[in-house]
There are 2 protein chains.
Amino acid sequence: MTPHEHIAAFGTIEGELRIGGMPLSRLAARVGSTPFFAYDRGLLNARVDLLRRLLPARVELSYAMKANPMPAIVQHLATRVDRIDVASTGEMQHALDSAIPCDRVSFAGPGKTPAEIRQGVAAGVVIEVESPTELRRVVAAGEDLGVHPRVAVRVNPDFAMKGSGMRMGGGPQQFGIDAEQVPAVLREFAGTVEILGFHVFAGSQNLNADIIAEAQNRTVELVTRLAEHMSSPVRYLNLGGGFGIPYTEKDRPLDLSRVAENLAELVDGPLAERFPEASPIIELGRFIVGECGVYVSRVVDRKISRGKTFLVVDGGMHHQLAASGNFGQAIRRNYPVAIGNRASAEKDDDAVTVVGCLCTPLDLLGDDIELPDAAIDDLIVVFQQGAYGLTASPTAFLGHPAPAEALI
Amino acid sequence: MTPHEHIAAFGTIEGELRIGGMPLSRLAARVGSTPFFAYDRGLLNARVDLLRRLLPARVELSYAMKANPMPAIVQHLATRVDRIDVASTGEMQHALDSAIPCDRVSFAGPGKTPAEIRQGVAAGVVIEVESPTELRRVVAAGEDLGVHPRVAVRVNPDFAMKGSGMRMGGGPQQFGIDAEQVPAVLREFAGTVEILGFHVFAGSQNLNADIIAEAQNRTVELVTRLAEHMSSPVRYLNLGGGFGIPYTEKDRPLDLSRVAENLAELVDGPLAERFPEASPIIELGRFIVGECGVYVSRVVDRKISRGKTFLVVDGGMHHQLAASGNFGQAIRRNYPVAIGNRASAEKDDDAVTVVGCLCTPLDLLGDDIELPDAAIDDLIVVFQQGAYGLTASPTAFLGHPAPAEALI
């Protein structure tokens, strides 16, 4: 998708990018300082509505809080999705502070300590165990607290989701229990603790609907095989997610209809037949919040060095690690960037390079990009920043102030 | 350098790694929680002493606080180095809270806002301007405050330091004013503001003494040329730094004697002759603090997945972005890792992979490395973590608690 298409998704007003109905420069005045993250509540709702409309009614939607744990977003989504997934006890506390019931919170992630598992068992959330060790800790915490733990097994599938931003299944992994080890683990713990079901997660940030559909088909086959080793009906069935969003100009949006069609066949077919007591869960983070958010910084300096024009902004990689190309990317590619206060202006003929205020050449937000002619005080917008932005960045690096966040 | 060599640098006691004279397990008990960063005061002092002994007496040592802004380290170094360099007004406040005099604090970095420059001028620190725009802001702030600003020009040299971890000079850059533009800038501002001198920084994290020496020679040639355009004697001469430390097993330590010899020739020769009123400054961050620090986390789980053994620790890339390979590295290489509470134990035959507790495959601290046979509760140490560790990492990612820091 091009920056122009991203501008169109938000819309413009008075020649400026519109966020939450407000021209960007007015929003910047409301926030009171740059840089800041802004999330458009209307776009967030529209994304949830789209998922509700296209995905089968029986599918439950889980929000993976790791994508964006801003309290206002968590509180807003808590009344609009069916479940929340957390990756730490810190995130768990946020979820428990929301309206979501505790048994609709899942707690996943490798390396859960005995103390963290005890917190999760006491909270009554579904603990997705990643190893037999964690399962033993769950049993011990349940006995100690006199509580029946809610627990599911995270499975490391025997396949990967090809072409994913991050491959998280297949081969040796720190995530989950290898599929082939699961029957023995179920046998070992039968009678000790009730295991509700499974979580299978094969990859993330995938834009290919066919690959996602294939991974979902294989996931259903896998859990069908594993369910034969369960002593009680499967009541929890987290099929993962992995729906991607387009970051670079070449990326095309995911064909959600295609994914939904395949899922409908699974829901009406094998899932209804084999798992009548489990609503299948699709767990999404980035796909729900990623596209509703932008990162806004202000041009502080414009300089020409040996023929190259630099716009220096008051933000940077300390808030935008992924956009700088340092969050797992093998090759840095430009994220979509625009001048938000002149969103309708024509592009200048000459390319510019947008850099942040950190004293490192890593602090690069847009390399040789086409923008309208920009001046000091203009507002630079980086799109697709609703997920893995602020919390996935080294905010303390070089001691600049933390950015504001606003949900409008 | 091998992990064994790093263990030897700290020493062992009772079979454990020794930090600040204490066995690691006792230090962990003193800190009270894992993960944590620990910095050895003795090693820190030894590094400063080494620099004092080898570098010419006339050279002033500046500590680049961005490498590690822990208040205890800043306070400790403030009485042992000659100057402190800061990269933001946040860092500047830390420096001003120390015993270092304000005119011995330098403030560098692109994108300084008018408000930040006003703070710097009011504080009386040396502002290293990165552009004519910043110089205009310095003049305006000085007039507004009725203060004579202390200001130097950061120069983007017409050469780069080859083989640096980060190239920060030569070609188009957001850093400094291009060398060839400096004479015109000096002319433009003559009579408006007194410019004290220059800062030239050509690269960082370099392990090749010959290349550093060559860059220093070229820097002296460059400032000698530029000084001809000054209307007053040069009083400030920051020659940069760039001294690297060995991270991977293949890296060999920098030959500091070789760098010092060359610097002595420059100090006694052209620098004494052309710049009698300026003590040359060498600015170092990583080289001063990097090797005195370790990152300590605890093994929470040990699991075998499809033949591969994983140690899952309670820390990870949220504190160790560079060790995970996501801080500007094109290719991830293992940092030196050891089991700190069994530092004298023999290596096991089988390799293990050390991963953090984050729910992402990026969270990798040691890939297929040889360690003594490790169990749950063992303490995993990552070496070379005194610089660009905690503050250069996305600590809020996934909502885990912040690590402790201790200077022992």
Side-chain angles (χ1 to χ4, degrees), chain A residues 65-66 69 86-91 94 108-113 130-134 156 166-168 171-175 178 300-303 305-308 310 312-314 316 321 326-328 353 355-362 376 390-401, chain B residues 65-66 69 86-91 94 108-113 130-134 156 166-168 171-175 178 300-303 305-308 310 312-314 316 321 326-328 353 355-362 376 390-401:
Chain A
M65 194 197 290
K66 64 169 77 68
V86 301
S88 67
T89 53
E91 288 191 356
H94 279 308
K112 295 187 220 47
T113 65
E130 312 261 351
S131 72
T133 304
E134 288 196 358
N156 176 22
M166 291 183 194
R167 184 173 163 280
M168 294 177 75
Q173 294 280 348
Q174 69 258 49
F175 310 110
D178 291 351
V300 174
D301 207 343
R302 181 191 164 104
K303 52 195 287 194
S305 170
R306 295 179 184 138
K308 190 165 172 171
F310 290 89
V312 187
V313 300
D314 59 4
L321 190 63
N326 288 287
F327 199 64
T353 291
V355 298
C357 61
L358 301 192
C359 211
T360 164
L362 299 180
I376 288 172
L390 177 58
T391 60
S393 298
T395 46
F397 193 40
L398 301 202
H400 289 280
Chain B
M65 192 197 292
K66 63 169 79 68
V86 300
S88 67
T89 52
E91 289 190 356
H94 279 307
K112 295 189 217 54
T113 65
E130 311 263 349
S131 72
T133 304
E134 289 195 358
N156 175 23
M166 292 186 196
R167 185 172 161 280
M168 294 178 76
Q173 294 280 349
Q174 69 258 48
F175 310 110
D178 292 351
V300 174
D301 207 344
R302 180 190 165 104
K303 52 195 287 192
S305 169
R306 297 180 183 137
K308 189 164 173 172
F310 290 89
V312 187
V313 299
D314 60 3
L321 190 64
N326 288 286
F327 199 63
T353 291
V355 298
C357 61
L358 301 192
C359 210
T360 163
L362 298 180
I376 287 173
L390 178 58
T391 60
S393 298
T395 45
F397 194 39
L398 302 201
H400 289 280

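As the structure is a prediction and not an experimental result, all values here were calculated from the model. Order of the sequence lines sets the chain letters (A, B, ...), proteins ahead of strands, with each chain counted from 1.
For a residue to count as touching a neighbouring chain, one of its non-hydrogen atoms must lie under 4.5 Å from one of that chain's; by this rule B:V300 touches chain A with backbone and side chain alike. B:P69 does not touch chain A: none of its heavy atoms, backbone or side chain, sits under 4.5 Å away. Heavy-atom distances place both the backbone and the side chain of A:F397 under 4.5 Å from chain B. In this structure, chain B has heavy atoms under 4.5 Å from both the backbone and the side chain of A:P110. Within the 4.5 angstrom heavy-atom criterion, only side-chain atoms of A:I376, from C-beta onward, approach chain B.
A distance-only check finds a donor-acceptor pair linking the side chain of B:S305 to the backbone of A:Q173 [under 3.5 Å]. A donor-acceptor contact shorter than 3.5 Å links the side chain of A:S88 to the backbone of B:L398. Judged purely by atom type and a 3.5 angstrom limit, B:K303 uses its side chain to pair as donor or acceptor with the backbone of A:E130.
Taking each heavy atom of B:L358 and A:F175 in turn, the nearest pair found is O-CE2, 3.9 Å. Between B:G109 and A:C359, the shortest heavy-atom contact is CA-SG, 3.9 Å. Heavy-atom minimum distance, B:G171 versus A:R306: O-NH1, 3.0 Å. Residues B:G111 and A:C357 come closest through the heavy atom pair O-CB, 4.2 Å.
Contact count versus chain A (heavy atoms, under 4.5 Å) is highest, among B:N326, B:L321, B:D178, B:V355, for B:D178. The residue among B:G90, B:P401, B:G307, B:G399 with the most heavy atom pairs within less than 4.5 Å of chain A is B:G399. Options A:H400, A:M65, A:E134 differ in how many heavy-atom pairs under 4.5 Å they form with chain B, and the most are formed by A:H400. Contacts with chain A were tallied for B:L390, B:T360, B:T353; B:T360 has the most, counting heavy-atom pairs under 4.5 Å. Counting heavy-atom pairs under 4.5 Å between each of A:K308, A:K66, A:Q174 and chain B puts A:Q174 at the top. For the set A:V312, A:T395, A:L362, the count of heavy-atom pairs under 4.5 angstrom toward chain B peaks at A:L362. Your options are B:T113, B:N156, B:V86, and the one with the most heavy-atom pairs under 4.5 Å with chain A is B:N156.
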